[in-house]
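I have placed the structure first, in the form of structure tokens, so that the comments after it can refer back to it.
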Amino acid sequence: MSKGTIGILGLGAMGSAIAARLRETGYTTTVWNRTAARTEPHVKAGSNAAATIAEAVQNTDIAIAVLLDHAGIHQNLEPVTAELKGKVLVNLTTTTPNEARATAAWAAEHGITYLDGAIMAVPEMIGGPASLLLYSGDENAYAIAKPALETLGAAEYQGTDAGLASLKDMALLTSMYQMFGGFLQAAAMMRTAGIPAAQTAKDVTAWLGAVLPLVEGYAAVIDNRDYNPAPGQSVDFTRTAMASLITASREEGISADLLAPVKRHLDELTATGRGTADWISVIEQLTITR
Ligand code: FVH
């Protein structure tokens with residue numbers, strides 16, 4: 001027995017994985033894609049294809065949008081506000097927190113029950129144990145869509161501010177890219193001695209695995225904003241260490257551009273008399289006045 005009809009708007013790699021998973025778990029799916037040919041494999045697998053986005057929305061209880069970006073969302077959904085009125089719209093397109101909030105405000109204006117989402121998974125992971133999706137926005141939308149959304153991966157509701165899922169997504173991706181940047185720096189340094197990246201990958205994985213749990217202690221200090229006297233490594237100590245890393249990179253002919261910003265913040269803390277504070281007080285340098 002069908003559990004309800006879900007419209008999937010956008011059949012790129014991610015939209016296709018979501019449509020397949022919803023079919024597999026017993027949902028009736030209506031699919032729409034700008035390039036209509038992309039609906040064909042889905043129709044063969046049991047989905048209904050809609051010729052227009054309006055038709056896709058009309059025939060669904062819940063519409064899930066998985067387009068490339070925020071601009072595409074508004075370009076395609078604004079003409080179908082009448083069809084979306086009174087329905088649940090889940091937007092899984094990656095956007096910034098403020099873009100998510102803007103879409104939520106637009107949806108509210110048009111009587112659309114809006115939930116924003118962020119996917120912490122690649123298409124192959126959808127429906128698997130490691131798949132995590134973050135949601136924020138209208139609580140009622142979340143309650144209605146939850147059974148379907150839980151088939152895609154673990155579902156975490158962040159709160160009624162529609163920007164929260166995106167904020168967490170962006171924060172986690174930021175930490176990921178900074179970490180991968182660290183690996184690239186390490187691999188570039190080791191390559192100067194003929195050590196292949198495959199070896200450095202193993203070494204970095206072991207090293208980061210050993211030191212990563214330190215962030216929990218850092219978090220306690222940050223939450224108390226209790227940096228002085230330093231419970232851990234001081235600004236002055238870390239500044240010296242960072243200077244060595246920068247010099248070592250440059251001596252091997254490797255740019256230190258990825259390291260320099262942290263050193264600049266440490267320099268500023270020392271220059272303003274905060275050299276004895278814990279080095280993680282760098283976090284206070286990151287807030288810029290808006
Ligand atoms: N793929 C991934 O690993 C990541 C994981 C984390 C979350 N992202 C986000 O998911 C959104 C969709 O990503 P995708 O992987 O499906 O992306 P593509 O395969 O490139 O497909 C893009 C779809 O968007 C359609 N599209 C693009 N621009 C427009 C537009 N102006 N109007 C209508 N549709 C548009 C495109 O249609 P077509 O090119 O086939 O006609 C595809 O359906 C994305 O936000 C990721 O950041 C995925």
Side-chain angles (χ1 to χ4, degrees), residues 6-23 29-45 47-57 60 62-81 83-84 89-104 106-107 114-137 145 148-156 158 162-177 179-180:
I6 309 228
I8 297 100
L9 314 176
L11 292 172
M14 188 52 84
S16 289
I18 289 172
R21 179 64 182 161
L22 289 169
R23 272 195 311 269
T29 51
T30 299
V31 295
W32 171 83
N33 194 63
R34 175 180 64 179
T35 307
R38 272 181 133 162
T39 62
E40 283 163 19
H42 292 275
V43 171
K44 281 197 187 119
S47 289
N48 306 306
T52 62
I53 192 164
E55 189 188 318
V57 173
T60 59
I62 298 167
I64 300 182
V66 204
L67 300 184
L68 185 64
D69 57 15
H70 179 69
I73 284 294
H74 284 270
Q75 186 189 333
N76 289 278
L77 296 186
E78 282 180 12
V80 293
T81 48
E83 288 83 357
L84 280 167
L89 170 63
V90 183
N91 183 13
L92 297 181
T93 305
T94 301
T95 66
T96 68
N98 276 349
E99 286 171 344
R101 291 176 186 123
T103 306
W106 162 82
Y114 183 74
L115 188 67
D116 203 86
I119 308 170
M120 309 305 303
V122 295
E124 297 71 28
M125 287 161 70
I126 291 299
S131 170
L132 167 68
L133 289 90
L134 311 172
Y135 301 99
S136 57
L149 298 177
E150 282 180 335
T151 69
L152 307 179
E156 271 185 16
Q158 309 296 311
L164 285 177
S166 162
L167 181 64
K168 187 164 171 177
D169 180 29
M170 300 279 145
L172 293 178
L173 291 177
T174 298
S175 69
M176 180 188 82
Y177 279 114
M179 182 186 73
F180 288 159

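Order of listing sets the numbers, starting from 1, for every ligand and every atom in it.
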(Q) Quick check: do T52 and V80 have side-chain heavy atoms less than 4.5 Å from each other? (A) no
**Q.** M170 side chain reached by T94 side chain, heavy atoms, under 4.5 Å
**A.** yes
Q | Side-chain H-bond candidate by donor/acceptor type, N91 with T93, under 3.5 Å | A | yes
Q | Heavy atom of the protein closest to atom 37 (O) of ligand 1 (residue, atom name, distance) | A | N33 OD1, 3.6 Å
Q) Would you say L11 has any N or O atom under 3.5 Å from an N or O of ligand 1, going by distance alone? A) yes
Q: Find out whether L67 and L77 are in side-chain contact, i.e. whether some heavy atom of one side chain is under 4.5 Å from a heavy atom of the other.
A: no
Q: Considering non-hydrogen atoms only, spot the tightest contact between A13 and R38 and give its length.
A: N-NH2, 4.5 Å
Q. Among all protein non-hydrogen atoms, which one is nearest to atom 28 (N) of ligand 1, and what is the separation to 0.1 Å?
A. R34 NH1, 3.6 Å
Q) Should I119 be counted as touching ligand 1, given the test is an N or O pair under 3.5 Å? A) no
Q | Minimum side-chain heavy-atom gap V57-L89 below 4.5 Å | A | no
Q: Provide, to 0.1 Å, the distance between atom 19 (O) of ligand 1 and the closest protein heavy atom, together with that atom's residue and name.
A: A13 N, 2.9 Å
Q. Short list, please: which atoms of ligand 1 are under 4.0 Å from a heavy atom of V122?
A. 3 (O)
Q. Do N76 and W32 have side-chain heavy atoms sitting under 4.5 Å apart?
A. yes
**Q.** Per-atom contacts, ligand 1 versus A121 - under 4.0 Å to a heavy atom
**A.** 5 (C), 6 (C)
(Q) Looking at every heavy atom in both N33 and T39, which two are closest together, and how far apart are they? (A) N-CG2, 4.1 Å
Q: Measure Q75 to ligand 1 on non-hydrogen atoms and call it side chain, backbone, both or neither using the 4.0 Å cut-off.
A: side chain
Q) Any nitrogen or oxygen of D69, main chain or side chain, under 3.5 Å from a nitrogen or oxygen of ligand 1? A) no
Q: Going by heavy-atom distance to atom 23 (C) of ligand 1, choose the closest among T94, T39, L68.
A: L68
Q) For atom 48 (C) of ligand 1, what's the nearest protein heavy atom and its distance? A) M14 CE, 4.1 Å
Q | Winner among L92, L77, L67, N76 once heavy atoms are compared against atom 11 (C) of ligand 1 | A | L67
Q | For T35, the ligand 1 atoms whose distance to one of its heavy atoms is below 4.0 Å | A | 38 (P), 40 (O), 41 (O)
Q | Polar proximity ligand 1 side, T93 side, N/O cut 3.5 Å exclusive | A | no
Q | Side chains of M120 and E156 in contact at under 4.5 Å (non-hydrogen atoms) | A | no
(Q) Ignoring hydrogens and geometry beyond distance, is a side-chain donor-acceptor pair present between H42 and S16 at under 3.5 Å? (A) yes
Q.
If you measure every N or O of R38 against every N or O of ligand 1, does any of those distances drop under 3.5 Å?
A. yes
Q | Top protein contact for atom 21 (O) of ligand 1, by heavy-atom distance | A | G12 CA, 3.2 Å
Q.
Are I8 and L22 packed together at the side-chain level, in the sense that at least one heavy-atom pair is separated by less than 4.5 angstrom?
A. yes
Q. P123 heavy atoms, cut-off 4.0 Å: which ligand 1 atoms fall inside?
A. 1 (N), 2 (C), 3 (O)
